[in-house]
Amino acid sequence: VNAIEYLKEKKNGRSSFFSGELQTVETTDIEPLRADSRVKALLKDVAKIPQKHQNIVEHILDRVAIVDSLMDGIELKKTHGDWTFVTLEG
């Protein structure tokens, strides 16, 4: 709550909150995405997550894929609109 008040006061930044119980979201078939040579990895598969935070972090990283280039991400977004694509460069 203090963090929210701080952001409001400074009129800077934003935040997201998750409830203690996360609902399972059914992920679309990821095999076509995994098979695409432009996709290097799914972020939740390569991120090192402490066990106590695993559920929440995997929920946040669900549907995020690592690609080589921005152009690859733009092209993949056309056919996989519910996914987020990131590069190692940011």
Side-chain angles (χ1 to χ4, degrees):
V1 174
N2 290 338
I4 295 170
E5 291 303 320
Y6 176 82
L7 293 174
K8 283 182 176 180
E9 179 183 312
K10 299 296 180 181
K11 296 182 180 170
N12 189 9
R14 64 182 192 176
S15 182
S16 297
F17 296 91
F18 294 91
S19 68
E21 295 182 23
L22 296 173
Q23 294 180 356
T24 303
V25 176
E26 215 170 295
T27 302
T28 56
D29 184 18
I30 62 173
E31 291 314 312
L33 204 56
R34 283 186 195 268
D36 193 306
S37 64
R38 298 170 292 182
V39 174
K40 300 305 164 198
L42 303 183
L43 190 53
K44 70 179 183 178
D45 291 346
V46 296
K48 293 182 180 178
I49 306 166
Q51 184 63 38
K52 68 180 183 177
H53 302 298
Q54 193 150 5
N55 286 346
I56 187 74
V57 174
E58 283 187 357
H59 181 79
I60 294 167
L61 300 181
D62 193 37
R63 297 183 186 174
V64 179
I66 302 169
V67 294
D68 273 333
S69 72
L70 179 61
M71 292 309 297
D72 287 342
I74 290 170
E75 285 300 313
L76 285 163
K77 189 73 172 170
K78 292 176 184 176
T79 55
H80 302 281
D82 57 339
W83 282 76
T84 299
F85 298 95
V86 298
T87 66
L88 291 176
E89 295 174 342

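Numbers here simply count residues along the sequence, with the first being 1. Atoms considered below: every heavy atom in the structure, side chains included; atoms not considered: hydrogens, waters and symmetry mates.
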Point-to-point distance, once rounded to the nearest 0.5 Å, from NE2 of His80 to CD1 of Ile30:
11.5 Å
In Å, rounded to the nearest 0.5 Å, how long is the span from OG1 of Thr84 to CG of Leu43?
10.0 Å
Those residues that, when tested against Lys11, pass side-chain contact (heavy atoms from CB on, under 4.5 Å) (two or more places apart):
none
Is there a path of hydrophobic side-chain contacts, each under 4.5 Å between heavy atoms, that joins Leu76 and Met71?
no
I need the minimum non-hydrogen distance between Val67 and Gly73, along with the two atoms involved.
CG2-N, 3.9 Å
I'd like to check the side-chain contact (heavy atoms from CB on, under 4.5 Å) partners of Lys10; sequence neighbours left out, ordered by chain and number.
Tyr6, Asn12
Determine yes or no for a side-chain-to-main-chain donor-acceptor pair under 3.5 angstrom, with Lys44 supplying the side chain and Val57 the backbone.
no
By side-chain hydrogen bond (donor to acceptor under 3.5 Å, both in side chains), which residues pair with Ser69, not counting sequence neighbours?
Asp72
Which residue in the set Leu70, Leu33, Ile74, Ile66 passes side chain to side chain contact (heavy atoms under 4.5 Å, CB included) when paired with Phe85?
Leu33
Please enumerate all residues that pass salt bridge (charged side-chain N to carboxylate O under 4.0 Å, His left out) together with Lys78, with sequence neighbours excluded.
Glu75
Rounded to the nearest 0.5 Å, the CD1 atom of Ile49 sits from the CD1 atom of Ile60 at a distance of 9.5 Å
List the residues meeting salt bridge (charged side-chain N to carboxylate O under 4.0 Å, His left out) with Arg34, not counting sequence neighbours, and say none if there are none.
Glu31, Asp45
Could you work out, with side-chain hydrogen bond (donor to acceptor under 3.5 Å, both in side chains) as the rule, every residue matching Lys40, not counting sequence neighbours?
Asp68
If you take all heavy atoms of Trp83 and Leu42, which pair is closest and at what distance?
CZ3-CD2, 3.7 Å
